[in-house]
Each structure stands twice: as structure tokens, then as C-alpha cells.
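Remarks on the structure that follows.
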Amino acid sequence: MSETFTSVSQEEAGVPERVRLSFDLDADICVIGAGLAGLSIALEAARLGASVAVLEGRHIGWNASGNQLGTVTPGFALPLTELIERIGFEDASELWTLSKEGADFIRANATEENMPGIGLTDGVLEVSNVDTGDRLISRLQMLNEDFDTEAEGWQVDRVRAALKTDRYFHGVYYPKAFQVDGRKYVHGLAALARRAGARIFEDTPVVSIDHSGIRKRIVTPSARLRATHIVLAGNIHLGAPLRRLSETLLPVWRYAGITASLGERVHEIVGFKGSVMDSDGVDHFRIVDGDRLMWESPETTWAARPQRFAGPVKRRIRSIFPQLGNVEISETFGGATGQTVHGMPQIGELRKGLWVASGFGRQGMNTSAMAGQLIARSILRGEERWKLFSPFELVWAGGTTGRVAGQLVGVWGRASSAAAGSLARYRERVRMKDREREARLAEANRAAGAGQRRPSSGVRPRMAAPPQPPAPAEAEPATQEQGVSQ
Ligand SMILES: Cc1cc2nc3c(=O)[nH]c(=O)nc-3n(C[C@H](O)[C@H](O)[C@H](O)COP(=O)(O)OP(=O)(O)OC[C@H]3O[C@@H](n4cnc5c(N)ncnc54)[C@H](O)[C@@H]3O)c2cc1C
């Protein structure tokens, strides 16, 4: 079944009318937040037999969870090599396994029977902006042999046969990674959680919690709830219930656009069917609805209306695939992700009965599903695998100053990625010139009957001057669109 990205509102998705909590209630587990994290926990806990109440301040999938691309890959936002450096090979390997279990959870639940129109398809391609052949091979070996993850290395030619652009070099193809309609998935999760017995209350912000006793108290504007466990899954908007926790997250808003129909020519230019992501986290795209491009790229550290990013998305598409011309962006969407200082999610028990599941950053599909399994199973079965996340403590993200610094770091990261891309393309041009030169030299030698010998007179054949490296101003202005605020 092919993906359709046209029906995302609650009514269109056949979602039941919103119910607000208007009476006092008792539950085993109270989950704050009906995004991917909160709903995954609710589903798993309800299936394990707990009584679960989910309290959502706005509506299901209101933020990032209802406005994302639905690409599911193993691992974390933190690159694997850095994960190993920080916690060692053994623990990194266990965490990687957990992240794959998160992806398996989604695959098992996102069936057409459970979630009509979810459109699960296999295969994700990660492409590099720079020429990294050697590094790629060692990474592939590690993934295949040490981390039991199927991954296939694509040479530059193969990447460019699939994607008609000289922006990308090598690629890693993950045949078992997949994508679903990201904006439908969160509603599908809610439906499954309800079916398993969880109760979900929308328009019900939690304004305070008292987590000191065995039975904890949760206060909303119109009712109170008592529960043995509270799970904080409010991401950056958690606010009053535990403000210090919100301050450990750096909010980063990410935006995406979907083009109007592009016709058959899009398939000639973008020949890969699944999601494509570049290894610097700048662009992320795939074809949806048969011939439309869905493209995620710009980000800010302040809230802005997604409509403002139609232009930047269009320019980004044009800079990667100029052959597509001036595409029309017919839809935009976006949401805030919460990024931690160390780059890993926050999963665990803060004090007895008070749990946290947040900080999933830009890779929240598999990781929030993993959090759901870990927390529900800890509460209900006494499993303690969440402790693998203990080395990643709650670190203050620096309030406003830290957020500005975060934006600068993000801007720098994207600019340096663009500059590295320009340099890699420059080097490639030099290599091509070298190859042409060698061919001309061999031809000249053959013509002179001198085999592979160099010309004897000490006079070398004339060579074209190598192209000059690009001036800094030529580097792709990947961040030019970032300064748009509301
Ligand atoms: C444009 C975009 C594309 C993305 N694409 C991908 C992708 O392809 N693959 C991938 O893995 N990840 C992707 N992500 C990242 C992913 O969407 C997030 O990591 C994930 O959705 C975070 O889920 P969450 O449940 O933690 O947070 P949220 O979605 O923010 O949900 C938290 C919920 O808690 C509620 N809440 C907060 N405080 C309270 C309170 N006090 N009382 C009641 N309710 C409260 C909020 O209203 C909100 O609905 C993307 C993100 C964006 C923005």
C-alpha cells in the first residue's frame, strides 16, 4: 500500500472525539504527554495489564510526533563511534540491540490491519556529503559483524545512479530499516493503546505533580489523578510539573515540506524509493503519494510557523536536484524536538515511581518505542535494562544562553558540512582531471612507441592547470534560511 500524506487531521484519520479529564481518577500509571513516547509506554503497559491514564495538554501528536517523516532506523542520534567511545563496546552493543528492538516494536504494530494506510516500506539510504570511502568500509564491518545490523556499502557510482546529483558520494543502504506514514503512526498508536485499555485524555494539561508519597498526585485544571507511577513524556513542553527537567533539553524546531505532484520525471532524478538521509543530518527526504517529494531540512531554536519554510525547503531541493526546477511546495509542517547535551535520550527512574522518557531529538521513532518497552517492563516486570542509560545523566541545557549557543553550534555544523561538501566535490574534479591527464599521457606514450615510459627529454606534456579550490563564499549556504523567526 502506498503512503498518502494528505489526511492527517484527527477527523480525517477517523480519530475519536477528544475527551478531557473532568472527574477524579485512580490509575496504576499516569503518563504525561501523548506523543510517540507517552503512547508507546501506554500501549506496552496496558498490554502488560496495568491501568493507564494518558494526560495530554493539547491533542494527540500535537507536536513533533504528529509532524514527522516516519523513517525508522536502528541506533540513536549520537553516532555509533561516539557511543562506543563514551561507554565502551559492550554497553554500546547492548544499547544498539535495544534500539533495534524499538524498531521491531514499530514494525510489529504498524501493520495495515492495525493502522490502515500506514504504508510501511523497506529500505533506507544514508548518503555522505563528503568522499569517505575508507571510513565507510570500517563502519560497515562494525555494523554487520559487531552490531548484527544488515548494511550494504554503495560506491559513489551506485549512489549517483539512484540519485542524480553530484552532492552525494558513498552510501550505506539499510535493507531492514523502513518508513511509515509518520503523521498517521501516532494516531495508530493511540488507537492501539485505547484498544489495550489505556485511557487518553486530551485538552488536559498537567499543572503540577506531587511525587513524594507512594500514591502520587497529579493536578489538572479540572480534575485530579492518583497513580503509583508517573511517566514524564512531555518533551520540551513539560513545563510546570518538573521545570528543571525541561531545562535539560535544547529545543530544536525542524520543518518539512511536501511538493505538488512532480510527474514521472521525479523518478528519473530520485530513483531510490525509501527515505534518504545525509550523514550530517541536514537533508532527509523521500517520494510520497507516487510523485511528490517530502523534504525535511531547515531548523531553528525558536518556534516559527512551518509555512515560513516553504521557500527554504524549495531552495534546498533546488540546490541538491536543480533538474527538478522551481518546485511548488504545497504543504509544510514541523515540530520541536528536544535535544540533550550528550545526544542520547533520557530514559529512567528519577526517584521511586517517577519516570522520564524524553530527549529523543531527531531520531524519535525507534528510540521512543524502545523507551516504551523499557519503562513499561521495568514497572510491571521488574526488568532493569533502562539502567544502561544511567551514564547519560540529566544535564542542564543552559536556558536561553545555552539555546543561543546551541543555535550557533547548529549553524556552524551545517555550514561546515556544506563547506566539506564543496571541498569534496572540488577534490573529485581534481581527481577526474588527474585521470584525464594520465590517460592523455599514456596515449602520448603509446603514440610515441614509448610504452609506459615518461617522456625522455625532460619536457613533459602540457597539463591543464588544476581547478582552484572553491572560495569560501562558494560554499553552499545551508543555513541561510535559519534566521526566520515568527
Ligand atoms: C519535521 C520532523 C521530522 C522528523 N522525522 C523523524 C523521522 O523520520 N524519524 C524519527 O525517528 N524521528 C523523526 N523526528 C523526531 C521525532 O518526531 C521526535 O523525536 C518524537 O516525536 C518525540 O516524541 P515525544 O513523545 O518525546 O515528544 P512530543 O511529540 O513533543 O510529545 C510530547 C507531548 O506531551 C505533551 N505535554 C507536554 N507537557 C505536558 C503537560 N504538562 N501536560 C500534558 N501534556 C503535556 C505535549 O502537548 C506533546 O503532545 C522528526 C521530528 C520533526 C520535527
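In listed order, ligands and their atoms are each counted from 1. If you're wondering where the values come from, they're calculated on a predicted model, not measured in any experiment.
- Polar contact check, Gly364 against ligand 1: a nitrogen or oxygen pair lies under 3.5 Å apart.
- Residues Glu299 and Tyr255 have side chains that never bring a donor and an acceptor to within less than 3.5 angstrom of each other.
- In terms of protein heavy atoms, atom 32 (C) of ligand 1 is closest to Ala233 O, 3.5 Å.
- Under 4.0 angstrom from ligand 1, the non-hydrogen atoms of Leu55 all belong to its backbone.
- The pair Arg139-Glu126 meets the salt-bridge criterion, since a charged nitrogen lies less than 4.0 angstrom from a carboxylate oxygen.
- Crowding of Asp210 atom CG: a count of heavy atoms from other residues, nucleotides or ligands under 6.0 Å exceeding 12.
- By the 4.0 Å N-to-carboxylate-O rule, Arg254 lies close enough to Glu296 to be salt-bridged with it.
- For the residue pair Ser330/Arg292, the side-chain donor-acceptor check at 3.5 Å is satisfied.
- Backbone and side-chain nitrogen or oxygen atoms of Asn63 are examined, and one is located within less than 3.5 angstrom of a nitrogen or oxygen of ligand 1.
- In Arg215, the CZ atom is crowded: over 12 heavy atoms of neighbouring residues, nucleotides or ligands sit closer than 6.0 Å.
- Arg107 and Asp104 are not joined by a salt bridge, as no carboxylate oxygen comes within less than 4.0 angstrom of a charged side-chain nitrogen.
- Listed by number with element, the atoms of ligand 1 under 4.0 Å from a non-hydrogen atom of Pro241 are 41 (N).
- On a distance-only criterion, Met365 and ligand 1 share at least one N/O pair closer than 3.5 Å.
- Those atoms of ligand 1 with a heavy atom of Gly361 less than 4.0 angstrom away are 15 (C), 18 (C), 19 (O).
- Between the side chains of Asp291 and Ser261, at least one donor-acceptor pair of N or O atoms lies under 3.5 Å.
- Atoms of ligand 1 lying under 4.0 Å from at least one heavy atom of His237, given by number and element, are 37 (C), 38 (N).
- Not a single N or O atom of Gly61, backbone or side chain, sits closer than 3.5 Å to an N or O atom of ligand 1.
- Which parts of ligand 1 touch Pro205 is read off a 4.0 Å heavy-atom cut-off, strictly below it: atoms 42 (N), 43 (C).
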Might you work through the side-chain contact (heavy atoms from CB on, under 4.5 Å) test for Thr121 and Val180, ending with a clear yes or no?
CA-CA 7 Å; Thr121 56; Val180 295; over 6 Å; no
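- A salt bridge does not link Glu202 with Arg58: none of the charged nitrogens is closer than 4.0 Å to a carboxylate oxygen.
- Put simply, no part of Ser358 is less than 4.0 Å from ligand 1, judged by heavy atoms.
- By the 3.5 Å distance cut-off applied to N or O atoms, Ser65 is counted among the residues near ligand 1.
- Checked by distance only, ligand 1 and Ala256 stay at 3.5 Å or farther apart across all their nitrogen or oxygen atoms.
- Within 6.0 Å of atom CD in Glu82, more than 12 heavy atoms from other residues, nucleotides or ligands are found, so the atom counts as buried in its surroundings.
- The closest protein non-hydrogen atom to atom 35 (C) of ligand 1 is Glu56 OE1, 3.2 Å.
- When hydrogens are left out, the protein atom nearest atom 39 (C) of ligand 1 is Ile32 CG2, 4.0 Å; that is the closest non-hydrogen contact.
- When the heavy-atom distances from atom 6 (C) of ligand 1 to Met277, Arg58, Gln68 are ranked, the shortest goes to Gln68.
- For ligand 1, the polar-atom distance check finds no N/O of Ala336 at less than 3.5 Å from any of the ligand's N/O atoms.
- From the protein, the heavy atom lying nearest to atom 26 (O) of ligand 1 is Phe360 CD1, 3.4 Å.
- For the residue pair Ser275 / Gln179, a side-chain donor-acceptor distance below 3.5 Å is found, with atom types taken as modelled.
- Gln179 does not count as a contact of ligand 1, since none of its heavy atoms falls under 4.0 Å from the ligand.
- The pair Lys100-Glu94 fails the salt-bridge criterion, with no side-chain N (NZ, NE, NH1 or NH2) lying under 4.0 Å from an Asp/Glu carboxylate O.
- Nearest protein heavy-atom neighbour of atom 9 (N) of ligand 1: Thr71 O, 2.9 Å.
- When heavy-atom distances to ligand 1 are checked against a 4.0 Å cut-off, Asn67 comes that close only through its backbone atoms N, CA, C and O.
- The nearest non-hydrogen atom to atom 44 (N) of ligand 1, considering only Ala37, Gly57, Gly257, comes from Gly57.
- Close approach of ligand 1 to Val206 (heavy-atom distance below 4.0 Å) involves ligand atoms 40 (C), 41 (N), 42 (N), 43 (C).
- Counting only N and O atoms by type, the side chains of Trp154 and Glu152 include a donor and acceptor under 3.5 Å apart.
- With hydrogens left out, the protein atom closest to atom 34 (O) of ligand 1 is Gly33 CA, 3.1 Å, a heavy atom.
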Salt bridge (Lys or Arg N to Asp or Glu O under 4.0 Å) between Lys387 and Glu384: does it pass, once the steps are laid out?
CA-CA 6 Å; Lys387 289 190 173 161; Glu384 298 204 317; 3.2 Å; yes
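- Considering both main-chain and side-chain atoms, Gly38 never comes within under 3.5 Å of ligand 1 through any nitrogen or oxygen pair.
- The protein heavy atom nearest to atom 37 (C) of ligand 1 is Gly234 O, 3.2 Å.
- When non-hydrogen atoms are compared, ligand 1 lies under 4.0 Å from the side chain of Glu296 (C-beta onward) but not from its backbone.
- Around atom 31 (O) of ligand 1, the closest heavy atom drawn from Gly35, Ser368, Ser40 belongs to Gly35.
- Of the N or O atoms in Arg362, one or more lie within a sub-3.5 Å distance of an N or O in ligand 1.
- Ring to ring, Trp62 and His237 are close: their centroids are under 6.0 angstrom apart.
- Classified by interplanar angle (parallel below 30°, tilted 30° to 60°, perpendicular above 60°), the ring pair Phe321/Phe285 is perpendicular.
- For ligand 1 and Thr337, the ligand atoms under 4.0 Å from any heavy atom of the residue are 51 (C).
- Residue Gly335 has at least one heavy-atom neighbour below 4.0 Å for each of these atoms of ligand 1: 53 (C).
- What sits closest to atom 5 (N) of ligand 1 on the protein, heavy atoms only, is Leu69 N, 3.2 Å.
- A salt bridge links Arg385 to Glu101: one of the charged nitrogens lies within less than 4.0 Å of a carboxylate oxygen.
- Listed by atom number, the atoms of ligand 1 under 4.0 Å from Trp62 heavy atoms are 46 (C), 47 (O).
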